[in-house]
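Read through the structure below, which is laid out as structure tokens, and then see the notes.
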Amino acid sequence: MKNYLTKTILAIVITMSFVSCSKDDGPTFSEENFLPGYLTNSGFSAISSSHVDSGNYEFGVEFTPLVKGKITALRVKLPAVNNSLRITIWDKATTTPIRTETVNVNTFDTEQSFDITDLELTADHQYALTMNSNDWYERERTGGTNATYPITSNNIKIDSYKWISGTTQSYPTNLALNYYAGDLSFNFIQVE
């Protein structure tokens with residue numbers, strides 16, 4: 001009986017070892033936000049001014065994820081309260097909205113984060129992230145010189161900054177190289 005019990009325990013230990021060795025949860029990835037790196041790498045962190053009630057625009061960045069991932073939250077900072085800020089994520093190739101979220105920016109001069117239903121993004125596919133607002137921060141380089149695109153920050157490549165005037169949900173068509181307006185970004189996490 002002792003020999004049988006020893007063999008049974010040994011079989012259980014060996015089986016548990018194989019199960020624990022073969023279990024592979026894969027790599028874990030950290031959540032990232034492209035905006036700080038974009039502002040630093042572009043030089044747009046040098047000069048900042050705020051605009052309140054300065055006319056409505058749809059504006060933001062065109063970007064390409066370098067890896068497959070997902071947007072988990074939107075982040076925005078405005079110089080004024082806006083209880084119905086419209087934020088849109090677009091497919092650049094078709095210039096059609098993929099996702100539209102309306103968020104309540106209830107505190108000014110403070111970055112706020114808004115959790116959203118995860119939105120998966122394909123690596124090397126071009127998208128755009130815009131907001132429609134009449135309040136924003138404008139950021140420039142020293143001397144007002146142009147930035148050179150693309151600008152990479154972590155796993156996100158910023159391809160350009162664009163804008164269009166008005167309140168309608170329209171894809172921005174005007175390119176600006178010597179400034180960035182917004183303080184709009186997202187939390188992104190790689191999934192593979």
Side-chain angles (χ1 to χ4, degrees), residues 23-42 56-137 139 149-164 166-173 180-192:
K23 184 178 179 187
D24 182 14
D25 292 332
T28 55
F29 300 103
S30 299
E31 202 165 57
E32 58 187 76
N33 180 338
F34 71 84
L35 187 60
Y38 167 61
L39 294 177
T40 299
N41 297 342
S42 66
N56 287 89
Y57 296 91
E58 186 85 31
F59 53 98
V61 295
E62 293 177 323
F63 69 94
T64 305
L66 302 176
V67 296
K68 182 179 178 183
K70 60 186 176 181
I71 295 174
T72 60
L74 300 171
R75 302 178 74 86
V76 65
K77 180 180 173 184
L78 295 176
V81 170
N82 183 334
N83 60 6
S84 59
L85 178 69
R86 185 182 68 224
I87 299 173
T88 306
I89 301 160
W90 308 77
D91 182 297
K92 181 183 175 188
T94 62
T95 66
T96 56
I98 298 171
R99 174 83 60 88
T100 301
E101 299 281 344
T102 302
V103 299
N104 179 8
V105 181
N106 56 16
T107 306
F108 65 92
D109 288 335
T110 303
E111 184 181 57
Q112 292 182 273
S113 179
F114 302 94
D115 290 335
I116 63 169
T117 302
D118 291 354
L119 176 63
E120 289 206 13
L121 301 180
T122 304
D124 301 319
H125 185 84
Q126 292 183 309
Y127 300 90
L129 172 70
T130 66
M131 67 179 172
N132 192 282
S133 183
N134 64 354
D135 309 309
W136 65 86
Y137 295 98
R139 300 181 179 276
Y149 286 89
I151 298 163
T152 302
S153 175
N154 298 317
N155 286 308
I156 303 294
K157 179 177 66 166
I158 307 301
D159 300 308
S160 64
Y161 167 78
K162 289 190 170 178
W163 62 274
I164 193 167
T167 58
T168 61
Q169 190 175 29
S170 301
Y171 194 87
T173 54
Y180 163 78
D183 281 22
L184 172 66
S185 62
F186 51 78
N187 291 349
F188 177 80
I189 189 162
Q190 182 176 349
V191 295
E192 291 182 352

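The side chain to side chain contact (heavy atoms under 4.5 Å, CB included) test with Leu184 is passed by exactly one of Val76, Val61, Leu78: Val76.
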Checklist entry - Going through the distances and angles, do Asn33 and Glu111 end up as a side-chain contact (heavy atoms from CB on, under 4.5 Å)? => result CA-CA 12 Å; Asn33 180 338; Glu111 184 181 57; 4.2 Å; yes

Checklist entry - How far apart are the C-alpha atoms of Ser153 and Ile151, what are their side-chain angles, what is the distance that settles it, and do they pass the side-chain contact (heavy atoms from CB on, under 4.5 Å) test? => result CA-CA 7 Å; Ser153 175; Ile151 298 163; 5.9 Å; no

Next on the checklist: Evaluate Thr117 against Leu119 for side-chain contact (heavy atoms from CB on, under 4.5 Å), listing each step before the verdict.
Outcome noted: CA-CA 6 Å; Thr117 302; Leu119 176 63; over 6 Å; no

Next on the checklist: Walk me through whether Ile189 and Ser30 qualify under side-chain contact (heavy atoms from CB on, under 4.5 Å).
Outcome noted: CA-CA 6 Å; Ile189 189 162; Ser30 299; over 6 Å; no

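Using a 4.5 Å cut-off on side-chain heavy atoms (C-beta onward), Glu32 and Phe34 make no contact. You'll find the side chain of Trp90 reaches within 4.5 Å of the side chain of Gln169, heavy atoms only. Side-chain contact between Phe29 and Val67 is absent, with no heavy atoms from C-beta onward closer than 4.5 Å. Between Pro65 and Ile156, some side-chain heavy-atom pair lies under the 4.5 Å cut-off. Considering only heavy atoms from C-beta on, Ile116 stays 4.5 Å or farther from Lys70 through its side chain. Considering only heavy atoms from C-beta on, Ile158 stays 4.5 Å or farther from Thr152 through its side chain. Side-chain contact between Phe59 and Ile164 is absent, with no heavy atoms from C-beta onward closer than 4.5 Å. Contact of the Thr107 side chain with the Val105 side chain is not registered, since no non-hydrogen atoms from C-beta on lie closer than 4.5 Å.
Residues that satisfy the ring-ring contact (aromatic ring centres under 6.0 Å, His included) test with Phe63, not counting sequence neighbours, are Tyr127, Phe186. Applying the salt bridge (Lys or Arg N to Asp or Glu O under 4.0 Å) rule to Asp159 yields the partners Lys157; only residues at least two apart in sequence or on another chain are considered.
Put simply, CD on Glu101 and CG on Asp115 are 10.5 Å apart, with the number rounded to the nearest 0.5 Å. Rounded to the nearest 0.5 Å, atoms OG1 (Thr28) and CD (Gln190) are 10.5 Å apart. Taking CZ from Arg86 and CG from Asn132, the interatomic distance works out to 4.5 Å, rounded to the nearest 0.5 Å. Separating the CG atom in Asn56 from the OG1 atom in Thr167 is a distance of 6.0 Å, to the nearest 0.5 Å. In this structure, CZ on Arg99 lies 8.0 Å from CD1 on Ile71, to the nearest 0.5 angstrom. One finds the CG atom of Leu85 at 8.0 Å from the OG1 atom of Thr102 (value rounded to the nearest 0.5 Å).
Nearest heavy-atom pair, Tyr171 versus Ala128, reported as atom, atom and distance to 0.1 Å: OH-CB, 3.5 Å.
With a 6.0 Å cutoff to the six-membered ring centre and a 45° limit on the axis angle, Lys77 counts as a cation-pi contact of Tyr137.
Of the possible polar contacts, one joining the Ser42 side chain to the Leu39 backbone as a donor-acceptor pair under 3.5 Å is found. Side chain of Asn154 to backbone of Glu31: no donor-acceptor contact under 3.5 angstrom is found.
Applying the salt bridge (charged side-chain N to carboxylate O under 4.0 Å, His left out) rule to pairs touching residues 182-192 yields Lys68-Glu192, Arg139-Asp183, sequence neighbours excluded.
With no hydrogens or angles considered, a side-chain donor-acceptor pair links Gln112 and Asn106 at under 3.5 Å. Counting only N and O atoms by type, the side chains of Glu58 and Thr130 include a donor and acceptor under 3.5 Å apart. Checked by atom type, the side-chain pair Asp118/Thr72 shows no donor-acceptor distance below 3.5 Å.
Proximity of the aromatic rings of Tyr38 and Tyr180 is defined here by a centroid distance below 6.0 angstrom, and this criterion is met.
Other residues, nucleotides and ligands place no more than 12 heavy atoms under 6.0 Å from the CZ atom of Phe108.
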